A.B. asks: 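Input: one structure, supplied below.
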Amino acid sequence: SCSNTGVYTIEASFETAKPKNLGAVGSLLGNTAEARFSGGATANDGQTYGNRFSPKDRIDVDASIEIDPQHIGHAGYLVAAAFLGDQVLMLDALGNFVPVDPEVVAAGDFPVARSGVLFPTESLKLLNGIVPGQLGVRSADIDFLIGYGLSSLPGEVFFPRRPINLRIAE
């Protein structure tokens with residue numbers, strides 16, 4: 001007699017030739033925007049993008065936002081968050097991910113990666129040549145979310161519905 005009962009884990013990975021479209025636009029306060037978001041992780045200078053990497057890989061994570069045409073030229077800000085388990089980190093103006101309290105972020109108080117006039121296309125470098133193993137990381141599952149807001153709408157962030165997923169595994 002055979003048995004296959006037990007606890008199982010299913011893991012999925014992908015590889016594409018270009019950064020992924022991150023899906024429909026959402027917003028913290030329910031406003032709408034005609035923006036487009038894309039991004040991805042690469043370990044070969046953008047030749048391919050994927051989500052599964054070794055701790056020995058040198059990883060870049062890049063994101064791009066095509067700003068809503070009605071928001072171009074207005075004062076605004078770019079934000080990026082990394083979700084690692086139940087920990088939330090946000091990219092600050094110095095390019096560092098810093099821990100934040102999700103309740104404080106939900107109330108509209110969060111670090112911004114960059115602020116100023118919004119251009120038609122905005123780019124964010126989320127990770128730049130990071131080798132996880134050199135930082136003691138052998139296994140991790142990280143979701144990155146990017147977004148932008150207008151200075152005239154404090155606390156509002158427009159963001160894609162799908163994150164950039166990064167999985168580190170040996």
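Nothing here was measured: the structure is a model prediction, and the numbers come from that model.
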A.B. asks: To the nearest 0.5 angstrom, please state how far the CG atom of Asp141 sits from the CZ atom of Arg167.
C.D. replies: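 So the gap between those two atoms works out to 4.0 Å.
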A.B. asks: Could you tell me the separation between the CD1 atom of Ile65 and the OG1 atom of Thr121, rounded to the nearest 0.5 Å?
C.D. replies: 10.0 Å
A.B. asks: Given the rule that I, L, V, M, F, W and Y join up when any side-chain heavy atoms are under 4.5 Å apart, are Leu145 and Ile67 in one cluster?
C.D. replies: no
A.B. asks: Quick one: do Arg52 and Glu15 make a salt bridge, cutoff under 4.0 Å?
C.D. replies: no
A.B. asks: If you count heavy atoms of other groups shown closer than 6.0 angstrom to CD of Gln87, is the number above 12?
C.D. replies: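 Counting neighbours around CD of Gln87, more than 12 heavy atoms of other residues, nucleotides or ligands fall under 6.0 Å, so yes.
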A.B. asks: Out of Val157, Leu124, Asp68, Val112, which residue meets the side chain to side chain contact (heavy atoms under 4.5 Å, CB included) rule with Tyr148?
C.D. replies: Asp68
A.B. asks: Indicate the atoms forming the closest heavy-atom contact of Phe110 with Met90, along with that distance.
C.D. replies: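 Taking Phe110 first and Met90 second, the nearest heavy atoms are CB-SD, 3.6 Å.
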A.B. asks: Looking at every non-hydrogen atom in both residues, tell me the closest pair between Phe159 and Ile146 and how far apart they are.
C.D. replies: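 Taking Phe159 first and Ile146 second, the nearest heavy atoms are CB-O, 3.3 Å.
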A.B. asks: Looking only at non-hydrogen atoms, find the nearest pair between Leu118 and Tyr77 and report the distance.
C.D. replies: CD2-N, 4.2 Å
A.B. asks: Roughly how far apart are Leu84 CG and Asp143 CG, rounded to 0.5 Å?
C.D. replies: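 Rounded to the nearest 0.5 Å, the CG-CG separation comes out at 9.5 Å.
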A.B. asks: Quick check: closest heavy atoms across Leu91 and Lys125, and the distance to 0.1 Å?
C.D. replies: CD2-O, 4.2 Å
A.B. asks: Return the minimal non-hydrogen interatomic distance between Ile164 and Ala41, and the atom names on each side.
C.D. replies: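 Shortest heavy-atom contact: CG2-N, 4.4 Å.
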A.B. asks: What residues form a ring pair (Phe, Tyr, Trp, His ring centres under 6.0 Å) with Phe37, not counting sequence neighbours?
C.D. replies: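 Phe37: no ring pair (Phe, Tyr, Trp, His ring centres under 6.0 Å) contacts found.
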A.B. asks: Within the 4.5 Å heavy-atom criterion, are Glu122 and Arg114 side-chain neighbours or not?
C.D. replies: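 Touching, per the 4.5 Å side-chain cut-off.
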A.B. asks: Are the side chain of Arg138 and the backbone N or O of Pro132 linked by a donor-acceptor pair below 3.5 Å?
C.D. replies: no
A.B. asks: Taking all non-hydrogen atoms of both residues, which atom of Ala43 and which atom of Asp57 are closest, and how far apart?
C.D. replies: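 It is CB-CB, 4.0 Å.
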A.B. asks: Treat each ILVMFWY residue as a node, draw an edge where side-chain heavy atoms are under 4.5 Å apart, and state whether Leu89 and Val79 are in one component.
C.D. replies: no
A.B. asks: Applying side chain to side chain contact (heavy atoms under 4.5 Å, CB included) to Val117 and Ile72, what does each step give before you reach the verdict?
C.D. replies: CA-CA 8 Å; Val117 174; Ile72 295 169; over 6 Å; no
A.B. asks: Starting from Val98, can I reach Leu135 by hopping between I/L/V/M/F/W/Y residues whose side chains sit under 4.5 Å apart?
C.D. replies: no
A.B. asks: Quick one: pull up CD in Glu34 and CD in Glu66 and give me the separation to the nearest 0.5 Å.
C.D. replies: 11.5 Å
A.B. asks: Examine distances only and state if a side-chain atom of Ser115 and a backbone atom of Gly76 form a donor-acceptor pair shorter than 3.5 Å.
C.D. replies: no
A.B. asks: Using the test salt bridge (charged side-chain N to carboxylate O under 4.0 Å, His left out), find all partners of Arg36 that sit at least two apart in sequence or belong to another chain.
C.D. replies: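 Partners of Arg36 by the salt bridge (charged side-chain N to carboxylate O under 4.0 Å, His left out) criterion come out as none, since no residue qualifies.
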A.B. asks: So how far is it from Phe83 CZ to Ile142 CD1, rounded to the nearest 0.5 Å?
C.D. replies: 12.0 Å
A.B. asks: Treating Asp60 as the side-chain partner and Gly129 as the backbone partner, does any N or O pair qualify as donor plus acceptor under 3.5 Å?
C.D. replies: yes
A.B. asks: May I ask whether Val61 and Phe97 are part of the same hydrophobic cluster, defined by side-chain heavy atoms of I, L, V, M, F, W, Y residues being less than 4.5 angstrom apart, directly or through others?
C.D. replies: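 Yes, Val61 and Phe97 fall within the same hydrophobic cluster.
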A.B. asks: Identify all side-chain donor-acceptor contacts of residues 19-32 below 3.5 Å with residues at least two apart in sequence or on another chain.
C.D. replies:
residue	atom	partner	partner atom	Å
Asn21	OD1	Gly23	N	2.7
Ser27	OG	Leu29	N	3.4
Ser27	OG	Gly30	N	2.8
Ser27	OG	Asn31	N	2.9
Ser27	OG	Asn31	O	3.1
Ser27	OG	Glu156	OE1	3.3
Ser27	OG	Glu156	OE2	3.0
Asn31	ND2	Glu156	OE2	2.6

A.B. asks: Atom CZ of Arg58 and atom CG of Leu127: how far apart are they, to the nearest 0.5 Å?
C.D. replies: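 Spacing of CZ (Arg58) from CG (Leu127) equals 12.5 Å.
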A.B. asks: Can you check whether Val100 reaches Pro111 side chain to side chain, under 4.5 Å on heavy atoms?
C.D. replies: yes
